[in-house]
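To start, the structure under review is shown below, and the notes come after it.
We count ligands from 1, going down the list as the structure has it; atoms in each ligand are counted the same way. Every heavy atom of this structure was used, including side-chain atoms; hydrogens, water molecules and symmetry mates were not.
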Amino acid sequence: MKRLLAVLCLGSMGLPAQVTYSKEISRLFMAKCQSCHREGDIGPFALDSYEAAKSWSADIQRVVRDKIMPPWKPVEGHGSFQNNFGLSDDERRMILDWYKAEAPEGDKADLPEASAPTGEWHLGEPDAIIQMPELYNVPRRKDVYRCFVVPTGYDEDLWLKSIQVVPGNRQVVHHVIVYLDASGKSTELDAKDEEPGYDCYGGPGDGIPITLDSLAGGWVPGTRASMLSPGVAIRIPKKTKIIIQMHYFPAGKQHSDQTKIGFYFAKPEDKITKRMFFLPLVNDRFRIPPGNKDFEVTASVPVLPGMTGDIHMVVPHMHLIGKRIQVTRSNVFSRINDSLVLIDDWDFNWQGFFAYEKPVRLNVLDQLKLSCRFDNSADNPRNPSNPLKEVRWGEGTEDEMCLAFLGLTFDNENIINSIRFNKPKR
Ligand code: HEC
């Protein structure tokens, strides 16, 4: 990184700075592109050699210039997140300059060492592995949103430090969300559908309540599994059913998938004192008029005494006609006014679980606010409704959501005594 900076400084002083593939661009592509653009992953080509970079260079300059790639959505300066694979403005400029200079290769001796393979499990062997109950044949030529139910049968609460989703087939798996269902409704939905699993689009399925225990994590391309902060874990209530919600890409040929998930449980030496809740910051009572191009829906929650703590993660969520989503924290007394996350070109296809590099403090009388903006006009190419209609909260493709899960821990909680560390029985 030091070398990158040196080159940038020279550039801005007007001295010639030749950006080459071997020196700078290969390192950038390794850090920001190869998590998807490598053999067998979801990127349509591997971006791991000069030949590949050169032959794709015109497309690369277009998608980098137009900010289509890499598909990292949070806007810089609104929250700092782990595993950020977005390009900074300087990095973007460097790629564009390289293209303008006709994509020089430079000296092969400057190439970095190829990144070491990580193996299937980034954090080592998990404590338990659950898997879609059977191989699913993914229908061709359409997006498929499907929930698969895995009963855990765990007869006591378990405490999760991390999960890692391993997509069974990276060419068709687009994203995975892992929901927890204590209501048992998912089994009914599964039983009603003849194929494996049941259809579910923007949530765990019709009638399954969203609670503080609804979410366990997820996967989008580029995600790397990491452990929660020291002392923090997520509770999986006993007898919970795990719902694996899959989004599959349209694929030209026949593909099948059986995605699996590794659970990493807290150990006695982890000294868990805090439970991470997924607080849904949500407005489910809106009506977006047909034709309205910029309709705002908001929700807000005050931090009352006793609710102070830390935010570890944010998971913004809307459906197709959402265009902008933001979470802010403000306080009229201390005059804080922070933007915790902003996505200003929402794309349902590129959602994320964004973990803060440093937890965000929540002080008493802070106001947490969610703002969602929707374009329900005919000019919106993503609008699935034709003719236009009033849009409300719901699970379907033509319904909407205005929701952000906040992964929170509270100061006044000390749960150490309620934790048991037995190995899960199934
Ligand atoms: C998180 C996964 C991911 C990352 C990271 C990523 N890509 Fe992509 N890229 C894709 C996928 C998937 C496609 C296929 C098109 C689509 O679905 O958007 C794609 C398509 C492309 C295309 C072809 C676009 C077209 O219109 O034909 C180019 C060029 C590209 N990516 C370049 C890059 C570069 C350069 C980077 C890094 C700076 C990058 N990508 C990072 C997933 C990724």
Side-chain angles (χ1 to χ4, degrees), residues 1 4 19-74 76 81-101 103 105 112 115 118 122 138 141-145 164-167 169-177 218-226 246-253 255 257 315 320 343 345-355 381-382:
M1 197 59 204
L4 277 185
V19 176
T20 65
Y21 177 80
S22 299
K23 222 186 264 175
E24 292 87 6
I25 300 297
S26 52
R27 289 174 170 80
L28 257 186
F29 286 178
M30 195 183 245
K32 307 290 175 120
C33 316
Q34 276 178 21
S35 58
C36 302
H37 287 272
R38 60 178 171 181
E39 231 21 77
D41 217 303
I42 72 161
F45 54 92
L47 198 43
D48 55 0
S49 67
Y50 177 65
E51 290 64 39
K54 173 83 183 164
S55 67
W56 283 94
S57 62
D59 291 294
I60 291 172
Q61 88 90 35
R62 175 176 48 83
V63 297
V64 166
R65 180 195 63 201
D66 297 347
K67 303 190 177 176
I68 295 168
M69 285 284 146
W72 173 264
K73 293 292 166 179
E76 227 184 316
F81 300 106
Q82 296 173 25
N83 303 320
N84 180 343
F85 57 80
L87 292 175
S88 67
D89 290 345
D90 288 340
E91 290 168 334
R92 186 171 295 109
R93 201 170 317 121
M94 188 182 312
I95 295 176
L96 297 178
D97 285 350
W98 173 72
Y99 178 74
K100 234 196 268 162
E105 178 173 17
S115 41
T118 46
H122 301 158
V138 183
R141 296 187 212 292
K142 59 173 189 163
D143 282 285
V144 175
Y145 301 91
Q164 186 190 338
V165 176
V166 177
N169 182 339
R170 282 171 187 264
Q171 284 166 27
V172 284
V173 174
H174 191 286
H175 75 235
V176 182
I177 301 178
W219 178 88
V220 293
T223 303
R224 282 195 65 90
S226 56
M246 304 293 305
H247 171 195
Y248 295 108
F249 265 136
K253 56 181 178 118
H255 280 277
D257 172 61
V315 188
L320 290 171
I343 295 177
D345 61 340
W346 175 258
D347 182 342
F348 183 81
N349 285 322
W350 293 111
Q351 309 192 36
F353 289 75
F354 303 112
R382 291 184 177 141

*Measure from the side-chain N and O atoms of Arg62 to the backbone N and O of Ala58, and report whether any donor-acceptor pair falls under 3.5 Å.*
no

*Does any N or O atom in Asp59 lie less than 3.5 angstrom from one in ligand 1, N or O only?*
no

_Checking contacts here: is it the side chain or the backbone of Val63 that comes within 4.0 Å of ligand 1, counting heavy atoms only? Could be both or neither._
side chain

_Counting C-beta onward and ignoring hydrogens, is there a side-chain heavy-atom pair between Phe29 and Ile60 closer than 4.5 Å?_
yes

*Please indicate whether any nitrogen or oxygen in Trp350 is less than 3.5 Å from any nitrogen or oxygen in ligand 1.*
no

*Go through ligand 1 atom by atom and flag the ones less than 4.0 Å from a non-hydrogen atom of Phe85.*
1 (C), 5 (C)

*Please report which non-hydrogen protein atom sits nearest to atom 22 (C) of ligand 1, along with the residue it belongs to and the distance in Å to one decimal place.*
Phe45 CE2, 3.7 Å

*Any Arg62 heavy atom less than 4.0 Å from ligand 1*: yes

*Near Cys36, which atoms of ligand 1 are under 4.0 Å from a heavy atom of that residue?*
1 (C), 2 (C), 3 (C), 4 (C), 5 (C), 42 (C), 43 (C)

*Under 4.0 angstrom from atom 15 (C) of ligand 1, is there any protein heavy atom?*
no

*Taking the side chain as C-beta and beyond, is there a heavy-atom pair between Pro71 and Phe85 under 4.5 Å?*
yes

*asked:* Using only atom types and a distance under 3.5 Å, with no angle test, would you say the side chain of Glu105 pairs donor to acceptor with the backbone of Ser22?
replied: no

*Taking non-hydrogen atoms only, is Trp72 closer than 4.0 angstrom to ligand 1 via side chain, backbone, both or neither?*
neither

*asked:* Quick test: of every protein heavy atom, which one is nearest to atom 34 (C) of ligand 1, and how far off is it to 0.1 Å?
replied: Cys33 SG, 3.4 Å

*Met246 and Val144, any side-chain heavy atoms less than 4.5 Å apart*: no

*asked:* Within 2.8 Å of atom 8 (Fe) of ligand 1, is there any N, O or S atom belonging to His37?
replied: yes

*What pair of heavy atoms forms the shortest contact from Gly86 to Pro70, and how long is it?*
CA-CG, 4.2 Å

